[in-house]
Amino acid sequence: MKRNITGYLFIAPQLFFFIVFLVYPIFEGIRLSLFKISYQETTFVGLDNYKALFSDPVFVKSTINTVIFVVAIVALTVIFAIFVSSAIFDKNAKYVSFIRGSYYIPVMVSMVVMSMIWSFLLNPANGLIPYVMRELEMPAVNFLGNKDLVLPVIIFVTFATNVGQAIILYIASMIGVPRELFEAAEIDGASRKDVIFKILIPLVKPTTLYIIIINIIAVLKIFVVIQLLTGGGPNNASTTLMYFLYNNAFKYNQLGIASAVGVIMFVIALFLAIPQLRSMLKKE
């Protein structure tokens, strides 16, 4: 203990903030989810908040929407990022840098700004895309007001805004693959497809698992795009768990219900991330 005291002192500040701002809120959220909270009193209700949630059709709809968001955006991000990265990682360095910079620009821009840009593009009254469609005499489509289209549109907007980060990570991983493997594959007559599927993808598996985990967490917390583009509409077709939590906490003052939603989101995140973490830590 005396020999390691210096190390403990160095990690103490970070450990303190981790416990206060991450660990404590988790347990406090679990505690609050068991109470009915109002301005005047706090009443213990046990699991009543959870029972109320699972009988609420809006909560059920928001849960289904969130699962669709997570699966669709994570799958699109991984597939597209691998496709782009494997196509350019061994090309000219200036070309690779240009591609990486082009895809990473949306990541650097605030999500609020990107959402406002897409709102301008998709606005049915004066948006650029509906205007072009009218000029081309194509049928008018309200992308943000159609309950069948709003979910795919928000999935695409979120994917297009965040995919740059995955591409950066994949290119860095692929550049780090030993060149001897590619030379041996070339001597053996392997095609580009064989190199990608039998060398690149297996060797960047840790990066894939990392990207899956961070995207699961990020998509579960999706809020700004929903708030600025649709407000959860039409008819709750784009409401997610985070937006449902926000409405209950700050609009309806249902802090107990909102805490219960937070606990359920935490459980969903664990359920989706633990298999990936186990796969990452498993010894080959």
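In what follows, residues are counted from 1 in the order of the sequence shown.
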Colleague: Any cation-pi pair here, R31 with F27, using under 6.0 Å and within 45°?
Modeller: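 No - R31 does not lie over the ring of F27 by the 6.0 Å and 45° rule.
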Colleague: Nearest 0.5 angstrom please: L128 CG to L122 CG, how far?
Modeller: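 Answer rounded to 0.5 Å: 9.5 Å.
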Colleague: Run Y170 and V78 through side-chain contact (heavy atoms from CB on, under 4.5 Å) and show every step you take.
Modeller: CA-CA 9 Å; Y170 270 129; V78 170; 3.7 Å; yes
Colleague: Any link between I216 and I79 through a network of hydrophobic side chains (Ile, Leu, Val, Met, Phe, Trp, Tyr) touching at under 4.5 Å?
Modeller: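 Different clusters: I216 never reaches I79 through Ile, Leu, Val, Met, Phe, Trp or Tyr contacts under 4.5 Å.
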Colleague: For the residue pair F159 and F156, categorise the inter-ring angle as parallel (less than 30°), tilted (30 to 60°) or perpendicular (more than 60°).
Modeller: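 Taking F156 first and then F159, their aromatic rings sit tilted (interplane angle of 30° to 60°).
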Colleague: Under a 3.5 Å distance rule, please check whether N248 uses its side chain to pair with a backbone N or O of F244 as donor and acceptor.
Modeller: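 Such a contact is found between N248 side chain and F244 backbone.
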Colleague: Would you indicate whether the side-chain heavy atoms of V45 and L34 approach each other to under 4.5 Å?
Modeller: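 No - every pair of side-chain heavy atoms lies 4.5 Å or more apart.
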Colleague: If you look at every heavy atom in A260 and L53, which pair is closest and at what distance?
Modeller: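 So the minimum-distance heavy-atom pair works out to CB-CD1, 3.6 Å.
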Colleague: Strictly under 6.0 Å, is that where the ring centroids of W118 and F143 end up?
Modeller: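 Ring centroids of W118 and F143 are no less than 6.0 Å from each other.
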Colleague: When you look at CZ of F197, are more than 12 heavy atoms from neighbouring residues, nucleotides or ligands closer to it than 6.0 Å?
Modeller: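 For F197, atom CZ is not crowded (no more than 12 foreign heavy atoms under 6.0 Å).
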Colleague: Between A237 and N65, which heavy-atom pair has the shortest distance, and what is it?
Modeller: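 Shortest heavy-atom separation between A237 and N65 comes out as O-ND2, 3.2 Å.
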Colleague: Is there a donor-acceptor pair under 3.5 Å between the side chain of S119 and the backbone N or O of S115?
Modeller: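 It does not hold such a pair.
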Colleague: Got a sec: does the NZ of K94 have more than 12 other heavy atoms crowding it under 6.0 Å?
Modeller: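 No, not enclosed.
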Colleague: Tell me the closest heavy-atom pair linking P13 and L9, and the distance in Å.
Modeller: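 Scanning both residues, the minimum pair turns out to be CD-O, 3.3 Å.
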Colleague: Looking only at heavy atoms, what is the nearest atom pair of I155 and A72, with distance?
Modeller: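 Minimum heavy-atom separation between I155 and A72: CD1-CB, 3.8 Å.
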Colleague: What do the steps show when you test K36 against D48 for side-chain contact (heavy atoms from CB on, under 4.5 Å), and what is the final call?
Modeller: CA-CA 9 Å; K36 181 178 181 180; D48 287 355; over 6 Å; no
Colleague: Testing the basics here: between L200 and S86, what is the closest heavy-atom pair and its distance to 0.1 Å?
Modeller: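 L200 and S86 have their closest heavy atoms at CD1-CB, 4.1 Å.
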Colleague: Side-chain donor-acceptor pair under 3.5 Å between S173 and T207, yes or no?
Modeller: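 Distance-only check passes for S173 and T207.
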Colleague: Any non-hydrogen side-chain atom of P202 less than 4.5 Å from a side-chain atom of K198?
Modeller: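 Result no, sub-4.5 Å side-chain heavy-atom pair not found.
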Colleague: Is any side-chain heavy atom of V141 less than 4.5 Å from a side-chain heavy atom of N146?
Modeller: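 No, every pair of side-chain atoms sits at 4.5 Å or beyond.
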Colleague: For T43 and I37, what are the C-alpha separation, side-chain angles and deciding distance, and is it a side-chain contact (heavy atoms from CB on, under 4.5 Å)?
Modeller: CA-CA 6 Å; T43 308; I37 303 169; over 6 Å; no
Colleague: Measure the spacing between CD1 of I214 and CG of L209 and express it to the nearest 0.5 Å.
Modeller: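 CG of L209 is found 11.5 Å from CD1 of I214.
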Colleague: Are any of the side-chain heavy atoms of L32 and L255 separated by less than 4.5 Å?
Modeller: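 The answer is no, as the side chains (C-beta and beyond) never meet within the 4.5 Å cut-off.
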Colleague: Please check this pair: side chain of N49 against backbone of S33, looking for a donor-acceptor N/O pair closer than 3.5 Å.
Modeller: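 Answer holds: yes.
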Colleague: Would you say N247's side chain and Y252's backbone share a donor-acceptor pair under 3.5 angstrom?
Modeller: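 Answer holds: no.
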Colleague: Does any N or O in the side chain of D56 come within less than 3.5 Å of the main-chain N or O of A52, such that one atom is a donor and the other an acceptor?
Modeller: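 Not confirmed, D56 side chain does not pair with A52 backbone.
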Colleague: Heavy atoms, side chains only, cut-off 4.5 Å: are F54 and I264 in contact?
Modeller: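 In short, these two side chains touch, coming nearer than 4.5 Å.
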Colleague: Answer yes or no: are there more than 12 heavy-atom neighbours, outside M116 itself, under 6.0 Å from its atom CE?
Modeller: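 Counting other residues, nucleotides and ligands, CE of M116 stays at 12 neighbours or fewer.
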Colleague: Counting distance only, does the side-chain N/O of S238 pair as donor-acceptor with the main-chain N or O of T230 below 3.5 Å?
Modeller: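 Looks like no, no N/O pair under 3.5 Å.
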Colleague: Before you tell me yes or no, could you show the steps for I222 and M242 under side-chain contact (heavy atoms from CB on, under 4.5 Å), namely the whole-Å CA-CA distance, both residues' side-chain angles and the distance that decides it to 0.1 Å?
Modeller: CA-CA 7 Å; I222 185 173; M242 180 57 74; 5.6 Å; no
Colleague: Identify the heavy atoms of G145 and P234 that sit nearest to each other, and give their distance.
Modeller: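 Closest approach of G145 to P234: O-CG, 3.3 Å.
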Colleague: Please tell me if the side chains of I268 and F271 come closer than 4.5 Å, counting only heavy atoms from C-beta onward.
Modeller: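 No, too far: nothing below the 4.5 Å cut-off.
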Colleague: Please tell me if the side chains of L229 and V153 come closer than 4.5 Å, counting only heavy atoms from C-beta onward.
Modeller: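 Heavy-atom side-chain distance check fails, nothing below 4.5 Å.
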Colleague: State, with a plain yes or no, whether a side-chain heavy atom of Y243 is found less than 4.5 Å away from one of T239.
Modeller: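 Result yes, sub-4.5 Å side-chain heavy-atom pair found.
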Colleague: With a sphere of 6.0 Å drawn around CZ of F44, does it hold more than 12 non-hydrogen atoms of other residues, nucleotides or ligands?
Modeller: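 More than 12 heavy atoms, drawn from other residues, nucleotides or ligands, come within 6.0 Å of this atom.
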Colleague: With a 4.5 Å cut-off on side-chain heavy-atom distances among I, L, V, M, F, W and Y, is there a chain of contacts connecting M265 to Y24?
Modeller: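 In one cluster with M265: Y24, no.
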Colleague: Roughly how far, to the nearest 0.5 Å, is NZ of K147 from CG of N235?
Modeller: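 Reported value, rounded in 0.5 Å steps: 6.5 Å.
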Colleague: Should I187 and I199 be regarded as members of a common hydrophobic cluster, given that ILVMFWY residues are connected when their side-chain heavy atoms come within less than 4.5 Å of each other, either directly or indirectly?
Modeller: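 They do not share one cluster, since no chain of ILVMFWY contacts under 4.5 Å joins I187 to I199.
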Colleague: Is there a donor in the side chain of T240 and an acceptor in the side chain of S62, or the other way round, less than 3.5 Å apart?
Modeller: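 No, S62 and T240 have no side-chain donor paired with an acceptor closer than 3.5 Å.
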Colleague: Kindly compute the distance separating CD1 (I64) from CZ (F59), expressed to the nearest 0.5 Å.
Modeller: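 Taking CD1 in I64 and CZ in F59, the distance rounds to 10.5 Å.
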Colleague: Rounded to the nearest 0.5 Å, what's the gap from OH on Y103 to CD on Q165? Could you check?
Modeller: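 Interatomic distance, Y103 OH to Q165 CD, rounded to 0.5 Å: 15.5 Å.
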Colleague: Hey, quick one: are V71 and L151 part of the same hydrophobic cluster, counting side-chain heavy atoms closer than 4.5 Å, chains of contacts allowed?
Modeller: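 They do not share one cluster, since no chain of ILVMFWY contacts under 4.5 Å joins V71 to L151.
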Colleague: So, taking the atom named OG1 in T208 and the one named CD1 in I201, what distance separates them when rounded to the nearest 0.5 Å?
Modeller: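 Rounded to the nearest 0.5 Å, the OG1-CD1 separation comes out at 7.5 Å.
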Colleague: Do L15 and F10 share a hydrophobic cluster, counting only Ile, Leu, Val, Met, Phe, Trp and Tyr and linking them when any side-chain heavy atoms are less than 4.5 Å apart?
Modeller: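 Hydrophobic grouping puts L15 apart from F10.
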